[in-house]
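Scroll down for the structure; my scribbles are underneath it.
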Amino acid sequence: LRKKKGGYYVSACFLRNLEEIQNLCRKKQMEHWQFVQGSMAYGISKAPDYFDMRLQIYTSLCYGATVLQYYCYCTPPIKAIMGKSKWTSMLDSYGNKTARYRAAKRLNAEVHGMGSVFMQYAAGWRGVMPVVGSENPSGKNEAFDMLETPLQSHEDLISVAASQDTIIGAFDGQKGENAFMLVNYTVPAYRIQDSVRLTFRDATKVIYYRAGKKYIVSAPEGRFDLTLAAGEGVFVIPVRE
């Protein structure tokens with residue numbers, strides 16, 4: 001989550017880095033651990049808020065991460081390092097909880113609310129499908145172009161449409177069922193909403209987890225519509241009856 005003149009951007013290599021780590025973890029049969037940016041980094045990054053950290057967390061889950069940590073948790077002695085004193089982390093220089101701490105606590109509750117369900121699918125990670133949004137004026141995304149092993153299609157996804165750039169992590173369950181993590185992959189600072197429509201093969205309803213809460217909706221002709229807020233991720237399980 002970087003700053004640029006007049007605005008912000010998400011580093012283009014973020015997804016490629018996650019992809020490389022996940023592929024290596026699967027090859028070595030290791031857990032995928034990720035750090036979430038919990039403070040600004042030497043003046044080149046945006047001071048992360050709830051929305052920024054939410055994007056990092058759900059994107060990491062898309063890539064099968066099962067352990068998430070925050071860095072930094074305690075504010076380091078910035079004056080000694082940089083001659084500055086305004087950089088804070090989860091805890092400030094005096095050990096006080098910051099707004100970032102409260103945002104992380106909220107996010108932890110969201111993830112824990114769906115954690116036991118997600119862990120039933122995490123080992124069955126299939127890949128991540130990048131979707132360029134219909135409202136993307138350039139019609140492309142540099143981060144998507146850098147991916148080496150993107151998921152091109154899925155046998156149970158008939159079609160996917162999104163207004164904004166979106167990533168979809170695909171997982172297989174232990175009993176042959178599928179699950180998908182949908183993430184609004186726009187710059188969180190701009191608070192852009194993403195309208196997504198998935199059409200599942202033979203699905204009659206959908207179970208989905210949003211902000212740690214479970215919902216069940218019907219899926220007429222396999223269709224599932226959802227609007228994702230900035231940095232938001234939703235875990236979706238199509239049901240066939």
Side-chain angles (χ1 to χ4, degrees), residues 10-34 55-66 68 114 117-136 138-186 194-203 206-210 219 222-226 228 231-240:
V10 177
S11 178
C13 64
F14 179 44
L15 293 184
R16 174 67 190 113
N17 179 262
L18 286 168
E19 176 189 63
E20 187 172 11
I21 292 171
Q22 174 64 357
N23 285 334
L24 184 61
C25 285
R26 285 177 62 80
K27 181 179 179 180
K28 299 293 185 179
Q29 297 184 331
M30 300 173 66
E31 281 189 293
H32 182 168
W33 290 28
Q34 273 296 324
L55 175 72
Q56 295 176 70
I57 285 172
Y58 286 111
T59 299
S60 296
L61 293 179
C62 260
Y63 278 93
T66 54
L68 299 169
M114 53 160 271
V117 177
F118 177 79
M119 290 301 292
Q120 295 175 31
Y121 292 87
W125 183 81
R126 290 272 299 275
V128 173
M129 181 185 300
V131 180
V132 175
S134 60
E135 297 179 11
N136 180 332
S138 69
K140 61 182 180 180
N141 185 308
E142 183 183 358
F144 295 174
D145 293 339
M146 291 178 67
L147 296 175
E148 294 187 358
T149 59
L151 189 65
Q152 301 289 349
S153 62
H154 191 284
E155 63 275 10
D156 287 327
L157 262 180
I158 297 174
S159 64
V160 180
S163 61
Q164 305 296 334
D165 292 353
T166 306
I167 57 173
I168 304 174
F171 302 83
D172 289 340
Q174 298 173 355
K175 298 180 181 179
E177 71 279 19
N178 307 121
F180 303 88
M181 179 68 76
L182 316 180
V183 179
N184 174 354
Y185 202 73
T186 57
D194 180 19
S195 297
V196 181
R197 168 172 284 187
L198 304 181
T199 304
F200 296 109
R201 189 178 309 279
D202 301 327
V206 166
I207 299 171
Y208 69 97
Y209 292 82
R210 181 176 218 165
R223 292 194 307 272
F224 175 62
D225 296 320
L226 190 68
L228 297 170
E232 186 176 21
V234 172
F235 193 53
V236 177
I237 304 170
V239 178
R240 299 163 183 83

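Below, each value reflects all heavy atoms present in this structure, side chains not excepted, and no hydrogens, waters or symmetry copies. Residue numbers run from 1 in the order of the sequence given. Keep in mind that this is a model prediction, so the values were computed, not measured.
What you find for Phe144 and Val131 is that their closest heavy atoms are CE1-O, 3.5 Å. Residues Gly233 and Met181 share a closest heavy-atom pair of C-SD, 4.3 Å. For the pair Val132 and Lys140, the tightest heavy-atom approach, listed with the atom from each and the gap, is CG1-N, 3.9 Å. Across all their heavy atoms, Met146 and Arg16 have their closest contact at O-CD, 3.3 Å. Summarising the geometry of Trp125 relative to Gly127, their closest heavy-atom pair is CZ2-CA, 3.4 Å, with the distance given to 0.1 Å. Pairing each heavy atom of Gly169 with each of Val128, the nearest pair is CA-CG2, 4.1 Å.
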For residues 171-178, which side-chain N or O atoms pair as donor and acceptor with protein atoms under 3.5 Å away, sequence neighbours left out?
unit_1, atom_1, unit_2, atom_2, d
Asp172, OD1, Arg126, NH1, 3.1
Asp172, OD1, Asn178, ND2, 3.1
Asp172, OD2, Arg126, NH1, 3.3
Glu177, OE1, Lys175, N, 3.0
Glu177, OE2, Tyr121, OH, 3.4

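To the nearest 0.5 Å, atom OG of residue Ser134 and atom CG of residue Asp165 are 9.5 Å apart. Atoms CZ and CZ, on Arg240 and Phe200 in that order, are 8.0 Å from each other to the nearest 0.5 Å. With rounding to the nearest 0.5 angstrom, the CG atom of Leu18 is 8.0 Å from the CD1 atom of Ile167. Rounding to the nearest 0.5 Å gives a distance of 6.0 Å between CG of Asp156 and CZ of Phe180. Rounding to the nearest 0.5 Å gives a distance of 8.0 Å between CG of Leu198 and OG of Ser159. How far OG1 of Thr59 is from CD1 of Ile57: 10.0 Å, rounded to the nearest 0.5 Å.
Side-chain polar atoms of Asp194 and Thr186 form no donor-acceptor pair below 3.5 angstrom.
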- Query: What's the verdict on side-chain contact (heavy atoms from CB on, under 4.5 Å) for Leu55 and Val183, showing C-alpha distance, side-chain angles and the deciding distance?
  - Reply: CA-CA 8 Å; Leu55 175 72; Val183 179; 3.9 Å; yes

- Item | Test log, rule side-chain contact (heavy atoms from CB on, under 4.5 Å), inputs Glu19 and Glu148 | CA-CA 8 Å; Glu19 176 189 63; Glu148 294 187 358; 3.8 Å; yes

- Let me see the working for Gln34 and Gln56 under side-chain contact (heavy atoms from CB on, under 4.5 Å), right down to the final yes or no. CA-CA 9 Å; Gln34 273 296 324; Gln56 295 176 70; over 6 Å; no

- Message: Let's go through Gln120 and Ile237 carefully: what are the C-alpha distance in whole Å and the side-chain angles of both, what is the deciding distance for side-chain contact (heavy atoms from CB on, under 4.5 Å) to 0.1 Å, and is it a yes or a no?
- Response: CA-CA 12 Å; Gln120 295 175 31; Ile237 304 170; over 6 Å; no

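Under the rule for a ring-ring contact (aromatic ring centres under 6.0 Å, His included), the partners of Tyr208 that lie at least two apart in sequence or sit in another chain are Tyr215, Phe224.
By the neighbour-count criterion of 12 heavy atoms within 6.0 Å, atom CD of Glu155 is densely surrounded, having more than that number from other residues, nucleotides or ligands.
Here Tyr209 and Phe118 keep their ring centres 6.0 angstrom or further from each other.
Residues Pro130 and Asn141 form no side-chain contact, since every pair of their non-hydrogen atoms from C-beta on lies 4.5 Å or further apart.
A donor-acceptor pair under 3.5 Å is absent between the side-chain atoms of His154 and the main chain of Ala170, judged by distance alone.
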